[in-house]
Undergrad: 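Quick one: structure below, then a few questions.
Counting starts at 1 for both ligands and their atoms, following the listed order. This one's a predicted model, so the numbers in the text were calculated from it and none came from an experiment. This chain uses plain numbering: 1 for the first residue, then up along the sequence.
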Amino acid sequence: MGLFQKFRAGLQKTHSRLAHELKRIVTRSRKLDAAAVEELEAALIAADLGLATTGRIVAAVKRNYETQGPAGTDVFAIAQTEVVESLSAERGELQRAPQGLTVVSIVGVNGTGKTTTAAKLAHWVGTRGHPAVLAACDTFRAAAIEQLKLWGQRLQVPVVAGGYGSDPAAVAHDGVVAAQARQATYLFIDTAGRLHTKQNLMQELQKLHRVVGRKLPGAPHEVLLVLDATTGMNALNQAREFNKAVPLSGLIVTKLDGTSKGGMVVAIQNELHLPVKFIGLGEQPADLQPFDPAEFAAALLAE
Ligand SMILES: Nc1nc2c(ncn2[C@@H]2O[C@H](COP(=O)(O)OP(=O)(O)OP(=O)(O)O)[C@@H](O)[C@H]2O)c(=O)[nH]1
Ligand SMILES: [Mg+2]
């Protein structure tokens, strides 16, 4: 399956609802009267595209209509262009240290998809010729270590783990040592789910990053916050608060296959000025994909 098809399949819920609405509005109101403009606005906001991007799309549609009339106004194409433009400010590639090991810390609130995403990322870089190691730094939740080990077995990625209740920073430290010994390109650190309001847990995360940085200057090279798309705009607040405690380098939005509000990716990137680096479109390893604004916009807004 090509990237567009993957995005298309994963964004099906958002796409079918949004496209259906847009089609209904344009076919019913060829004149684009005030009521139609309002409906257009409502449909875009319902997909969680956010006020800024919605405003851009509506303004562009109006402008186009005034200069070219209904025949020249392709709402789908205009919306695609505006979505791509509003996403183009941030660069979304997974970083790579200038030399040696690249350490990527995966953080977020409970259940957003951190463990699955860490495993999928290890697989993703592995298929591109970059060996990875996983560090099981969720030493808190029952079965969290086994869950990551199982992924490691399934994807043939080595997993560094300690015991339950052990210090996550110590496991991360051991992860760096093991990854360097194996000459791995990437170390993905799976951290425990935590609420941004729990100060002691945020401090634990800061300590983990400090310890890793002491072992390998420059690390962690990426701190990626995993957000669950089905939580909608709650994710925005999570991201703001996490970013205050541990500076983030990017976002990963998971479970886009489970929501009709996939436009939240656009709103969140615009609000936070943090790049969305990957998106999760399902539970299989290949369902994690690098975020490509053009493919995303095309899949979201195909007619
Ligand atoms: N449909 C869908 N499910 C996903 C996606 N990403 C993760 N999941 C599922 O979400 C559930 C939680 O995933 P985990 O990786 O365990 O989440 P976590 O953030 O590590 O959870 P905690 O460690 O408990 O905080 C699992 O059932 C995953 O299969 C996705 O992109 N799409
Ligand atoms: Mg987990």
Undergrad: Which atom names give the shortest non-hydrogen contact between W124 and P290, and what distance separates them?
TA: CZ2-CG, 3.4 Å
Undergrad: Would you kindly say whether D228 and T254 are connected by a side-chain donor-acceptor distance under 3.5 Å?
TA: no
Undergrad: Between OG of S105 and CG of L224, what distance do you get to the nearest 0.5 Å?
TA: 8.0 Å
Undergrad: Can you tell me the protein heavy atom closest to atom 12 (C) of ligand 1 and the distance?
TA: G111 O, 3.9 Å
Undergrad: Check T116 against ligand 1 and report side chain, backbone, both or neither, counting heavy atoms closer than 4.0 Å.
TA: both
Undergrad: Roughly how far, to the nearest 0.5 Å, is CD of Q289 from NZ of K120?
TA: 10.0 Å
Undergrad: Output the distance between atom NZ (K114) and atom CG (L225), rounded to the nearest 0.5 Å.
TA: 9.0 Å
Undergrad: Could an N or O of ligand 1 be found under 3.5 Å from any N or O of T191, whether backbone or side chain?
TA: no
Undergrad: Do any N/O atoms on L256 end up under 3.5 angstrom from N/O atoms on ligand 1?
TA: no
Undergrad: So how far is it from I57 CD1 to I78 CD1, rounded to the nearest 0.5 Å?
TA: 10.0 Å
Undergrad: For E283, take its heavy atoms, then give the atoms of ligand 1 lying under 4.0 Å from any of them.
TA: 1 (N), 2 (C), 3 (N), 4 (C), 9 (C), 27 (O), 28 (C), 29 (O)
Undergrad: Provide the number and element of each atom of ligand 1 under 4.0 Å from a heavy atom of G280.
TA: 31 (O)
Undergrad: Any idea which of K255, K114, R141 brings a heavy atom closest to atom 8 (N) of ligand 1?
TA: K255
Undergrad: What I want to find out is whether E295 reaches R8 closely enough, with some N-O distance under 4.0 Å, to be called a salt bridge.
TA: no
Undergrad: Please enumerate all residues that pass salt bridge (charged side-chain N to carboxylate O under 4.0 Å, His left out) together with E38, with sequence neighbours excluded.
TA: none
Undergrad: At what distance is the nearest protein heavy atom to atom 1 (N) of ligand 1, and which residue and atom is it?
TA: D257 OD2, 2.7 Å
Undergrad: Go through the side-chain N and O atoms of E222 and S249 and say whether any donor and acceptor fall under 3.5 Å apart.
TA: yes
Undergrad: What atoms in ligand 1 come closer than 4.0 Å to a heavy atom of G193?
TA: 25 (O)
Undergrad: Consider ligand 1: state whether an atom of it lies below 4.0 angstrom from any non-hydrogen atom of D287.
TA: no
Undergrad: Distance from L134 atom CG to L155 atom CG, nearest 0.5 Å?
TA: 8.5 Å
Undergrad: Closer than 2.8 Å to the Mg ion (ligand 2): how many protein N, O or S atoms are there?
TA: 1
Undergrad: Contact between Q147 and ligand 1, counting heavy atoms under 4.0 Å?
TA: yes
Undergrad: Between D138 and ligand 1, find which residue part has any heavy-atom pair under 4.0 Å and reply side chain, backbone, both or neither.
TA: side chain
Undergrad: Would you tell me whether T115 and D138 have side-chain atoms, one donor and one acceptor, within less than 3.5 Å of each other?
TA: no
Undergrad: Measuring from non-hydrogen atoms of A144 to any atom of ligand 1, is the shortest distance under 4.0 Å?
TA: no
Undergrad: Mark the output for G108 as yes if a heavy-atom distance to ligand 1 is under 4.0 Å, and as no if none is.
TA: no
Undergrad: How close do V171 and G162 get, heavy atom to heavy atom, and via which atoms?
TA: CG2-N, 4.0 Å
Undergrad: Looking at T112, which atoms of ligand 1 are within less than 4.0 Å of one of its heavy atoms?
TA: 19 (O)
Undergrad: Compare all side-chain heavy atoms of F188 with those of V103 and state whether any distance is below 4.5 angstrom.
TA: no
Undergrad: Which atoms of ligand 1 sit under 4.0 Å from any heavy atom of L281?
TA: 31 (O)
Undergrad: Please work out which of the three classes, parallel, tilted or perpendicular, describes the rings of F7 and F296, given edges at 30° and 60°.
TA: perpendicular
